[in-house]
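To keep things clear, I will list the structure first and then write my remarks on it.
Just so we're clear, the structure is a prediction, and the values are computed from it rather than from any experiment. Reminder, nothing fancy here: chain letters follow the sequence lines and each chain counts from 1.
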Amino acid sequence: MPELPEVETTRSGIEPHLLGKTIQGIVIRQPRLRWPIPQSLKQCLPGQQVLAVERRAKYLFLRLTQGTVIIHLGMSGSLRVLPAKSQPGKHDHVDLIFGKQCLRLHDPRRFGALLWTVVDPNKHKLIQHLGPEPLSSKFDGHYLYHLSCNRRIAIKNLIMDSKAVVGVGNIYASESLFRAGIHPARQSNRIALKRYMLLADKIKQVLQEAIIQGGTTLKDFQHEDGSAGYFAQKLQVYGRENAPCLHCEHPIMRRVIGQRSSFYCPNCQH
DNA sequence: AAATTCTCCTGAAGGC
DNA sequence: TGCCTTCAGGAGAATT
């Protein structure tokens, strides 16, 4: 379930614990994530220092002296900074050891990934074709409008396509379309520039609010109970099927679009 | 080329 | 209480 705000909150939460630290070793209890965790990390990592903790889309980069660890949390992954000797629980697949502390990857559904690259991670196969960051100036209404030209895809599927824009997952796609008053199934090429301007603004707004929210609710990355999951308290339509719309009180509808549940108000969104 | 479908996995929820 | 089935979900890969 981590969406971009959760990943960014994770990044800023673990960063102060890792910067400048030297990796002593790695413990891999379960290498079978989305892709196998490279066993070569056991030789590569020891002695390397963490120079930066970055995020691109929903990927995290641990920039080391010579190479980069790429981590994706999938939909159930989380990272914690814990005492290295603390007892691992079920689904605690990997520990990166930093002296008395460790960075522990927990991922029940194993849709996540932990990879290694010695070249620029932005040139990595999984990264290089990604679209712009939603919070960057490169992403705006004009960009979306030009992208939508001749495309018949439902707008919700377009904004969830990582080649179009990264970091907009199922939850925030529904939320931003509600705030922009756009029906999630509307064809992309049947939306005016002006409405795309609004949509881009709402995407930025919804993500930025959630990041700020996350900064206040998820600031403890050193304890198991530090996580509040995703920021459900801010959601206006997601998961609210049949509940009254917060604007007009019409029941919120749920409909599957592109294999994913979409929540919307049929009265407010067109 | 663009759009859709499939796939990995586990835990939660629902049915009986 | 407990077993079985169904479903959700990120996003790359495969297919149409």
Side-chain angles (χ1 to χ4, degrees), chain A residues 1-11 28-37 55-61 70-79 88-94 105-115 117 121-134 144 146-176 184-191 203 207 210 224 227 229-232 235 237-242 252-264:
Chain A
M1 247 162 288
E3 295 228 22
L4 187 142
E6 289 78 3
V7 178
E8 177 56 30
T9 302
T10 297
R11 190 205 63 76
I28 304 173
R29 301 185 192 86
Q30 168 60 276
R32 296 177 56 202
L33 300 188
R34 178 160 193 190
W35 297 281
I37 297 175
R55 178 189 61 75
R56 170 73 172 107
K58 294 180 189 171
Y59 293 90
L60 289 169
F61 297 161
I70 300 175
I71 298 172
H72 197 288
L73 298 176
M75 66 158 290
S76 60
S78 61
L79 289 168
K90 198 177 180 185
H91 308 308
D92 286 340
H93 306 313
V94 186
L105 174 64
H106 174 87
D107 185 6
R109 295 189 185 175
R110 294 198 269 131
F111 281 13
L114 193 152
L115 301 169
T117 179
N122 290 304
K123 297 288 195 311
H124 190 278
K125 178 188 171 190
L126 294 174
I127 309 295
Q128 64 176 338
H129 299 299
L130 294 174
E133 289 288 326
L144 271 183
H146 290 301
L147 196 69
S148 69
C149 174
N150 296 327
R151 297 194 58 180
R152 304 168 71 94
I153 188 177
I155 183 57
K156 177 158 179 281
N157 292 345
L158 180 69
I159 61 175
M160 288 181 67
D161 179 351
S162 63
K163 288 190 286 299
V165 58
V166 300
V168 182
N170 200 39
I171 295 171
Y172 295 119
S174 280
E175 291 299 311
S176 53
R186 171 164 285 271
Q187 278 187 25
S188 302
N189 61 353
R190 295 198 177 174
I191 297 173
I203 289 172
L207 293 173
E224 274 308 316
S227 171
Y230 61 94
F231 313 133
L235 304 183
V237 284
Y238 188 86
R240 296 192 64 240
E241 184 177 15
N242 297 326
I252 297 299
M253 304 261 88
R254 184 181 78 95
R255 178 172 151 190
V256 175
I257 299 170
Q259 321 286 87
R260 292 288 177 262
S261 283
S262 304
F263 297 86
Y264 63 98

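- Looking at heavy-atom distances under 4.0 Å, A/R110 makes contact with sugar-phosphate atoms alone, never a base.
- Counting only N and O atoms by type, the side chains of A/N189 and A/S148 include no donor and acceptor under 3.5 Å apart.
- Side-chain atoms of A/R55 and A/T10, non-hydrogen and from C-beta on, never get closer than 4.5 Å to each other.
- With distances taken from any side-chain atom of A/R254 to the nucleotides B/dG11, C/dA8, B/dT5, the minimum falls on C/dA8.
- Among the nucleotides C/dA11, B/dT4, B/dT10, the one closest to any side-chain atom of A/P108 is B/dT10.
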*Take A/Y264 and A/I257 through the test side-chain contact (heavy atoms from CB on, under 4.5 Å) and record every step on the way to the result.*
CA-CA 11 Å; A/Y264 63 98; A/I257 299 170; 5.5 Å; no
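- In this structure, A/D161 atom CG and B/dA3 atom P are separated by 9 Å, rounded to whole Å.
- Here C/dA11 presents its C1' atom at 12 Å from CG of A/N170, a figure rounded to the nearest Å.
- Contact annotation: A/S162 side-chain N/O to C/dG12 OP1/OP2 distance is under 4.0 Å.
- Remark: C1' of C/dA13 and CZ of A/R34 are 8 Å apart, rounded to the nearest angstrom.
- For the pair A/H91 and B/dT10, the criterion of a side-chain N or O lying under 4.0 Å from OP1 or OP2 is not met.
- At a threshold of 4.5 Å between non-hydrogen side-chain atoms, the residues A/L114 and A/I28 do not count as touching.
- Within 6.0 Å of atom CZ in A/R29, more than 12 heavy atoms from other residues, nucleotides or ligands are found, so the atom counts as buried in its surroundings.
- In this model, the phosphate group of C/dG10 is not approached by any side-chain N or O of A/Y172 to a distance below 4.0 Å at OP1 or OP2.
- Computed from coordinates, the A/I153 CD1 to C/dT16 P distance equals 19 Å when rounded to whole Å.
- Atoms CD (A/Q187) and P (B/dT4) sit 10 Å apart, rounded to a whole Å.
- Each of B/dT4, B/dG11, C/dG10 was ranked by its minimum atom distance to the side chain of A/E3; first place goes to C/dG10.
- Within the 4.0 angstrom heavy-atom criterion, only backbone atoms of the sugar-phosphate kind lie near A/L126; the bases stay farther away.
- For the pair A/I37 CD1 and B/dC8 P, the computed distance is 19 Å after rounding to whole Å.
- Note on A/R152: every side-chain N or O is 4.0 Å or more away from OP1 and OP2 of B/dA3.
- In terms of phosphate contacts, A/R109 brings no side-chain nitrogen or oxygen within less than 4.0 Å of OP1 or OP2 of C/dC7.
- Between the side chain of A/R110 and the backbone N or O of A/R32, at least one donor-acceptor pair lies under 3.5 Å.
- One finds a side-chain N or O of A/K125 lying less than 4.0 angstrom from the OP1 or OP2 phosphate oxygen of C/dA13.
- Checking the phosphate oxygens (OP1, OP2) of B/dC9, a side-chain nitrogen or oxygen of A/R32 falls inside 4.0 Å.
- Taking atom CZ of residue A/R260 and atom C1' of nucleotide B/dT4, one finds them 12 Å apart after rounding to whole Å.
- OP1 or OP2 of B/dA3 sits under 4.0 Å from a side-chain N or O of A/R151.
- For A/K163 and C/dG12, the shortest distance from a side-chain N or O to OP1 or OP2 is not below 4.0 Å.
- In this entry the distance linking NE2 of A/H124 with C1' of C/dG12 reads 12 Å, nearest Å.
- Where stacking is scored as ring centres under 5.5 Å apart with planes under 30°, A/F111 does not register as stacked on the base of C/dA11.
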